[in-house]
Amino acid sequence: MNKTPFFQKTGTRSVMASVISILIGLLAGSVLIFFVGLFNKAISSKGTWEGIQLVVAGLFSTGRNAAGTLTFGFNPTNIGNMLFRATPLVLTGLSVAVAFKTGLFNIGAPGQYLAGICATLFIALSLSTGGGVLYDWQVAQGIAPTVFFPAWLVWTLAFIGGMMAGAIWGAIPGMLKSLLNINEVLACIMTNWIAANLVTWAFDISNLKNLIEGTKTSYIYKTSVNGVETSKMGLDQIFPNSQVNGGIIIAIILAVIVYVILTRTTFGYQLKACGSNRFAARYAGIKDKRNIVMSMAIAGALAGAAGSLYALSGNTEFFWTTYQQLPAVGFNGIPVALLASNHPIGVVFTGIFMSMLDICGTQLTKFTAFNEYITDVIIAVIVYMSAFALLIKTMIGKRRRKADTVLETAADAAPAMEQIPVADTEPVVEAVQEAPVETAAPEVAQEAAPAAETTEPQQPAREEENV
């Protein structure tokens, strides 16, 4: 049984295509920094070189020394913040990837993300835990609740509620697609803006607006004021002075669960079968309409989980006037999924990489005269190249096939050459040299002679007949 060569495997070519896209993006960013520094007199050549260093390795920047030179090393704060920012990216990337596997384009992750945040904040801040800044303020106002719930129970209910809200909001485009054959992209765009306005209206009429800090307007309480926040799970000891919490671990667990469902279960096979060919799947007895709705519901639940973990972090504030723009993290899940070739485990790494570029942009603005939006150009180039991932994988496959063909031909020819014994050729050559010429083919010579004799006189006869 012939095994598939390592470089011909689909997974290997996908990883190589992603790495090539990343390298091209980093190169484009470096070239952009070079030209900006070249034509900007306020930026020296040293500053240009520092900008390139921070784009590539800004995650490990530790500041400047006494001489003003950039220093690099292990920076736990940057790494912790990177993992914190990667959590919603990983989950929205999973949301897009699951839909892609079923042949759907889930551009509705922003709306599902908002639905998850809305449900989570209402549950987390409405159920009192009998502690936190909000409870103390309520006691001072004479409106303290009499029913208390354990903080872990409130957190669990808020997280599950956020996922369910996202699943419901994701199932709407799925139902429109399966029952009425309405394009899911159009349906998702509409549901995004409906979610933005509904969330704005819900928070506007609620009593969840931050009244403790009087200098802030249009902000919702942090969940930490109610004593409900995601556990650090010991990560704050490894990455001190950062925003990191156990959300990244939960995101990784969800990615593993999604991978197992898609690759090790009948349900996952049915989802992918519907994505490959919906009508062939229906002919095979698979309920394609149900699977389309389920796929979009799962995608919505993952996007809702992203919003829920963001709200439950306890160190973030939600600006409730959202109708003017949609959250960027919902759209950023699309390049995360594309760069990972829609592989659930690959989404974890690409989500972390995208958040690393975000940290690098912050360091770039902090230590140089360059703008952090240069990293957005890098991300744009990477996304553009990831769109050509199939072409890159095909080119890699052709090159490897040519190389493997040459190697196989040489390997097949080597045993054949070895089977010819050099010593046995000498008697054959001697026998051929000693053999008389007449005995080489006597019968052939005798048969050829009469033929030659009869051929010569027949030619004139044919000419006479023609005359």
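For the single chain, residues carry numbers from 1 onward in sequence order. All values reported here derive from a predicted model rather than from experimental measurement.
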### Query
Can you name the closest pair of heavy atoms from R85 and T362 and give their distance?
NH1-OG1, 3.8 Å
### Query
Would you say T368's side chain and G47's backbone share a donor-acceptor pair under 3.5 angstrom?
no
### Query
Which atoms form the tightest heavy-atom contact between M296 and G174, and what is the distance?
CG-CA, 3.7 Å
### Message
Applying side-chain contact (heavy atoms from CB on, under 4.5 Å) to I378 and L32, what does each step give before you reach the verdict?
### Response
CA-CA 9 Å; I378 297 174; L32 178 61; over 6 Å; no
#### Entry: E184 side-chain N/O to F105 backbone N/O, donor-acceptor pair under 3.5 Å
yes
### Non-hydrogen atoms of G25 and I382 that approach each other most closely
CA-CG1, 3.8 Å
#### Entry: Ring-ring centroid check F239 F84, cutoff 6.0 Å
no
### Query
From R278 CZ over to N181 CG, what is the distance, rounded to the nearest 0.5 angstrom?
6.0 Å
### Residue pair I252, V90: steps toward the side-chain contact (heavy atoms from CB on, under 4.5 Å) verdict
CA-CA 8 Å; I252 293 173; V90 169; 6.0 Å; no
### Task
Determine whether L127 and V228 make a side-chain contact, defined as any pair of heavy atoms from C-beta on separated by less than 4.5 Å.
no
### Query
Rounded to the nearest 0.5 Å, how far does CZ of F39 lie from CZ of F34?
8.5 Å
#### Entry: Gap between atom CD1 of I359 and atom CE of M82 - 0.5 Å precision
8.0 Å
### Message
Once rounded to the nearest 0.5 Å, what's the spacing between atom CG of D358 and atom CG of L59?
### Response
11.0 Å
### Query
Do any N or O atoms from the side chain of N106 and from the backbone of S295 form a donor-acceptor pair under 3.5 angstrom?
no
### Message
Determine whether F60 and N78 satisfy the following criterion, side-chain contact (heavy atoms from CB on, under 4.5 Å), listing intermediate values before the conclusion.
### Response
CA-CA 7 Å; F60 303 101; N78 283 349; over 6 Å; no
#### Entry: Shortest non-hydrogen separation from A124 to L312 and the atoms involved
CB-CD2, 4.2 Å
### Task
Find out whether V329 and Y310 are in side-chain contact, i.e. whether some heavy atom of one side chain is under 4.5 Å from a heavy atom of the other.
no
### Query
Under 6.0 Å from the CE atom of M175, do we count more than 12 heavy atoms belonging to anything else shown?
no
### Query
Is any side-chain heavy atom of W155 less than 4.5 Å from a side-chain heavy atom of E229?
no
### Query
Side chains of M354 and N332: does their closest heavy-atom pair fall under 4.5 Å?
no
### Query
Would you find more than 12 non-hydrogen atoms of other residues, nucleotides or ligands less than 6.0 Å from F267 atom CZ?
yes
### N245-S313 side chain donor-acceptor pair, cut-off 3.5 Å
no
### Query
Could you give the distance from CG (N192) to CG (L114), rounded to the nearest 0.5 Å?
8.0 Å
### Query
Does the T120 side chain pair with the main chain of I117, one donor and one acceptor, at a distance under 3.5 Å?
no
### Task
Using atom types as modelled and distance alone, determine if a side-chain donor or acceptor of T92 lies under 3.5 Å from a backbone N or O of L89.
yes
### Query
So do the side chains of P344 and L94 get within less than 4.5 Å of each other, counting heavy atoms only?
yes
### Task
Give a yes or no on whether F74 atom CZ has more than 12 heavy-atom contacts from other residues, nucleotides or ligands under 6.0 Å away.
yes
### Query
Taking the side chain from T71 and the backbone from G63, do they hold a donor-acceptor pair closer than 3.5 Å?
yes
### Query
Would one find more than 12 heavy atoms of other residues, nucleotides or ligands at under 6.0 Å from atom CZ of F331?
yes
#### Entry: Steps toward side-chain contact (heavy atoms from CB on, under 4.5 Å) verdict (F370, I43)
CA-CA 9 Å; F370 293 98; I43 302 176; 3.8 Å; yes
### Message
Tell me if a side-chain donor or acceptor on S95 pairs with a main-chain N or O of L91 at a distance below 3.5 Å.
### Response
no
### Query
So do L338 and F100 actually touch side chain to side chain, heavy atoms under 4.5 Å?
yes
#### Entry: Donor-acceptor under 3.5 Å (T102 side chain, I292 main chain)
no
### Message
For a 4.5 angstrom cut-off between non-hydrogen side-chain atoms, does M294 reach K287?
### Response
no
### Query
Is the side chain of S61 donor-acceptor paired with the backbone N or O of A57 at a distance under 3.5 Å, no angle test?
no
### Query
What are the two closest heavy atoms between T77 and P240, and how far apart are they?
OG1-O, 3.2 Å
### Query
OG of S21 to CG of L26: how many Å apart, nearest 0.5 Å?
11.0 Å
### Task
For this output row, return yes or no: ring centroids of Y219 and F318 closer than 6.0 angstrom.
no
### Query
Counting only heavy atoms not in F367, do more than 12 fall under 6.0 Å of its CZ?
yes
### Query
Within the distance-only criterion (no hydrogens, no angle test), does the side chain of S308 pair as donor or acceptor with the backbone N or O of G304 below 3.5 angstrom?
no
### Query
Should S242 and N81 count as side-chain neighbours, where that means a heavy-atom distance under 4.5 Å?
yes
### Query
Looking only at heavy atoms, which two atoms of G37 and T48 are closest? And how far apart?
CA-OG1, 3.4 Å
